[in-house]
Amino acid sequence: MKLEYFKSKTGNFGDDLNAWLWPKIFKDLGQTDDEYFLGIGSLLCNESKLIKQFSDKKLVIFGSGVRPSREYTNFRINNLWDVQFLRGPLSANSLNRQYEFIADAAYALRNTKEFKGILNTEKKYEVSLMPYFHSVDLIDWKGICRELGYHYISPFSENGVEFTLKEIAASKKVITEAMHGAIVSDILRVPWHRFIFSTPQTEGERIADFKWNDWMYSIDIYNAEATYIPFLRKTFLHEWIKKASANTVSTNFYVKGKTREDLLAKLSKGLPYYLSQDSVISKIEDRIDTKIADVTSKYFQ
């Protein structure tokens, strides 16, 4: 069975978790091309090139999420695919409740032998901040963190997934735009707070909110408050004036100074933090453990 997941050219912590996690769960997960495995990610989407290649192949879906279609057409499960579980109730609703949901596939981290060691990482940071990977080039996040007295955690996992896991575990609180920054914080029992910056533009507000709510509802967190920092851009009037004056340099970019002020003001103090109940986490761990046993017996014996 071959592991497949979305691979960003820059690296992305949530997606990169797949390559670190699943070989630890399924010891014989190899590179054979007759069967495929999908885990972490909002991968179930009509427009996905990754999904399209599995139209005539055996595919195990292990906690993946539905990504809303741009054409507003419903995604359909191929009869060759084995859906073990979906990420959350919104994904299940999108598929007419034909398949069960548990939680994001990353919660399988709790079923690894490495989990306790990572969980017991010594606390070093009062508050850590992780931006969305598409936001990194838009602002000086390390400078923002220095001014706020926060620890910066890169969403690129350039020092390896386990390093990032331990960075989160070493934090007392995490402020994150990256969804898997919040998910892994929840797994490691670190209270988290979501902020919204570039995702309405880089990912799409509808898609981002669907993904977050799909996960949060699966862990019984509803109406969680997020901090919204407007991704300010120059006006179209400004753009027209520049063009009319024969200046061809585009000015439709974000207003960096004002954006920085907003980030510093809104991410400073008084933010609400969230954490799922221990009882919810325990049930998720047990249910995923049962699914791991099922997949192992069906495909790795």
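Counting heavy atoms from C-beta outward, Phe133 and Thr202 have side chains that stay 4.5 Å or more apart.
Sparse packing is recorded around NZ of Lys142, with 12 or fewer heavy atoms of other residues, nucleotides or ligands lying under 6.0 Å away. Annotation: Lys283, atom NZ; neighbour count of heavy atoms from other residues, nucleotides and ligands within 6.0 Å does not exceed 12. The number of heavy-atom neighbours closer than 6.0 Å to CD of Glu205, taken from other residues, nucleotides and ligands shown, is 12 or below.
The pair Arg110-Asp289 does not meet the salt-bridge criterion, since no charged nitrogen lies less than 4.0 angstrom from a carboxylate oxygen. Electrostatic pairing of Glu47 and Arg67 does not count as a salt bridge here, judged by no charged N lying under 4.0 Å from a carboxylate O. Salt-bridge annotation for Arg287 and Glu100: present, with a side-chain N of the basic residue lying under 4.0 Å from a carboxylate O of the acidic one. One finds a salt bridge joining Asp186 and Arg189 here, because a Lys/Arg side-chain nitrogen approaches an Asp/Glu carboxylate oxygen to under 4.0 Å. Salt-bridge check for Asp286 with Lys291: failed, with every basic side-chain N at 4.0 Å or more from each acidic carboxylate O.
Of all non-hydrogen atoms in Ala103 and Phe85, the two that sit nearest each other are O-CE1, 3.4 Å. Shortest non-hydrogen contact noted between Lys24 and Lys27 is O-NZ, 2.9 Å. Trp212 and Thr176 get closest at one heavy-atom pair: CH2-O, 4.2 Å. Closest of all the heavy-atom pairs between Thr121 and Lys166 is CG2-O, 3.7 Å. Nearest heavy-atom pair across Leu80 and Ser55 is CD1-O, 4.1 Å. Closest approach of Phe54 and Glu4 over heavy atoms only: CZ-CG, 3.6 Å.
Rounding to the nearest 0.5 Å places OH of Tyr99 at 10.5 Å from CG of Leu44. Within the model, atoms NZ of Lys113 and CD1 of Ile25 stand 11.0 Å from one another, a figure rounded to the nearest 0.5 Å. Rounding to the nearest 0.5 Å places CG of Leu17 at 7.5 Å from CG of Leu109. Between atom OG1 of residue Thr227 and atom CG of residue Asp262 there is a gap of 11.5 Å, rounded to the nearest 0.5 Å. Atoms CG and CG, from Leu188 and Asn120 in turn, are 10.0 Å apart once rounded to the nearest 0.5 Å. Residue Phe6 holds its CZ atom at 14.5 Å from CD1 of Ile40, rounded to the nearest 0.5 Å.
Counting only distance, with no hydrogens or angles, the side chain of His193 and the backbone of Leu271 share no donor-acceptor pair below 3.5 Å. Of the possible polar contacts, none joining the Trp141 side chain to the Leu129 backbone as a donor-acceptor pair under 3.5 Å is found. Between the Glu35 side chain and the Leu59 main chain, no donor and acceptor come within less than 3.5 Å of each other. A distance-only check finds no donor-acceptor pair linking the side chain of Ser64 to the backbone of Ile61 [under 3.5 Å]. Not a single donor-acceptor pair under 3.5 Å links the side chain of Ser282 to the backbone N or O of Asp278. Judged purely by atom type and a 3.5 angstrom limit, Asn93 uses its side chain to pair as donor or acceptor with the backbone of Pro89. Between the side chain of Ser297 and the backbone N or O of Ala293 there is at least one donor-acceptor pair closer than 3.5 Å. Checked by atom type and distance alone, the side chain of Lys52 never pairs as donor or acceptor with a backbone atom of Ser48 at under 3.5 Å. A distance-only check finds no donor-acceptor pair linking the side chain of Thr199 to the backbone of Ile196 [under 3.5 Å]. Without hydrogens or angle criteria, Ser91 side chain to Arg87 main chain gives no donor-acceptor distance under 3.5 Å.
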Quick one, Asn111 with Ile292, criterion side-chain contact (heavy atoms from CB on, under 4.5 Å). Give me CA distance, side-chain angles, the key distance, then yes/no. CA-CA 9 Å; Asn111 301 76; Ile292 289 171; 3.8 Å; yes
Step-by-step salt bridge (Lys or Arg N to Asp or Glu O under 4.0 Å) determination, Glu203 to Lys211: CA-CA 11 Å; Glu203 185 173 37; Lys211 289 165 52 176; 2.4 Å; yes
Checking side-chain contact (heavy atoms from CB on, under 4.5 Å) for the pair Val174/Tyr125: CA distance, chi angles, key distance, verdict? CA-CA 9 Å; Val174 167; Tyr125 315 118; over 6 Å; no
Check the pair Asp140 / Ile144 against side-chain contact (heavy atoms from CB on, under 4.5 Å), numbers first and verdict last. CA-CA 6 Å; Asp140 176 16; Ile144 292 287; 5.6 Å; no
Test log, rule ring pair (Phe, Tyr, Trp, His ring centres under 6.0 Å), inputs Phe37 and Tyr5: CA-CA 8 Å; Phe37 182 95; Tyr5 60 96; over 10 Å; no
Kindly indicate, with the supporting measurements, whether the criterion side-chain contact (heavy atoms from CB on, under 4.5 Å) is fulfilled by Glu114 and Trp20. CA-CA 11 Å; Glu114 290 82 6; Trp20 182 89; 4.3 Å; yes
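Ring-plane geometry between Trp81 and Phe75 is classed as parallel, the angle between the planes falling under 30 degrees on a 0 to 90 degree scale with a further cut at 60.
Residues Tyr299 and Asp82 bring a donor and an acceptor atom of their side chains to less than 3.5 Å of each other. For the residue pair His180 and Asp104, a side-chain donor N or O sits within less than 3.5 Å of a side-chain acceptor on the partner.
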Side-chain donor-acceptor pairs of residues 146-158 under 3.5 Å, sequence neighbours excluded:
residue: Glu147; atom: OE2; partner: Arg260; partner atom: NH2; Å: 2.5
residue: Tyr150; atom: OH; partner: Leu267; partner atom: O; Å: 2.6
residue: Tyr150; atom: OH; partner: Ser268; partner atom: O; Å: 2.5
residue: His151; atom: NE2; partner: Glu167; partner atom: OE1; Å: 2.5
residue: Ser154; atom: OG; partner: Phe156; partner atom: N; Å: 3.1
residue: Ser154; atom: OG; partner: Glu158; partner atom: OE1; Å: 2.6
residue: Ser154; atom: OG; partner: Glu158; partner atom: OE2; Å: 3.2
residue: Ser157; atom: OG; partner: Asp16; partner atom: OD2; Å: 2.8

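Connection of Ile187 to Ile102 is established within a shared hydrophobic cluster, with ILVMFWY side chains joined at heavy-atom distances below 4.5 Å, either directly or through further cluster members. One hydrophobic cluster, built from ILVMFWY side chains closer than 4.5 Å, holds both Ile139 and Phe195. Residues Leu43 and Val60 do not share a hydrophobic cluster, defined by chaining ILVMFWY side chains whose heavy atoms lie under 4.5 Å apart. Connection of Ile288 to Met1 is established within a shared hydrophobic cluster, with ILVMFWY side chains joined at heavy-atom distances below 4.5 Å, either directly or through further cluster members. Ile51 and Tyr36 fall within the same hydrophobic cluster, where Ile, Leu, Val, Met, Phe, Trp and Tyr residues are linked whenever their side-chain heavy atoms come under 4.5 Å apart, directly or through other members.
For the ring-ring contact (aromatic ring centres under 6.0 Å, His included) criterion with Trp215, the lone passing option out of Tyr222, Trp192, Tyr274, Phe101 is Trp192.
Taking the six-membered ring for Trp and the full ring otherwise, Phe62 and Trp22 have centroids separated by under 6.0 Å. Between Phe197 and Tyr132, the distance from one ring center to the other does not fall under 6.0 angstrom.
Note on residues 121-130: pairs passing salt bridge (Lys or Arg N to Asp or Glu O under 4.0 Å), not counting sequence neighbours, are Glu126-Lys172.
A cation-pi arrangement is absent between Lys298 and Phe300 under the rule of less than 6.0 angstrom and at most 45 degrees off the ring axis.
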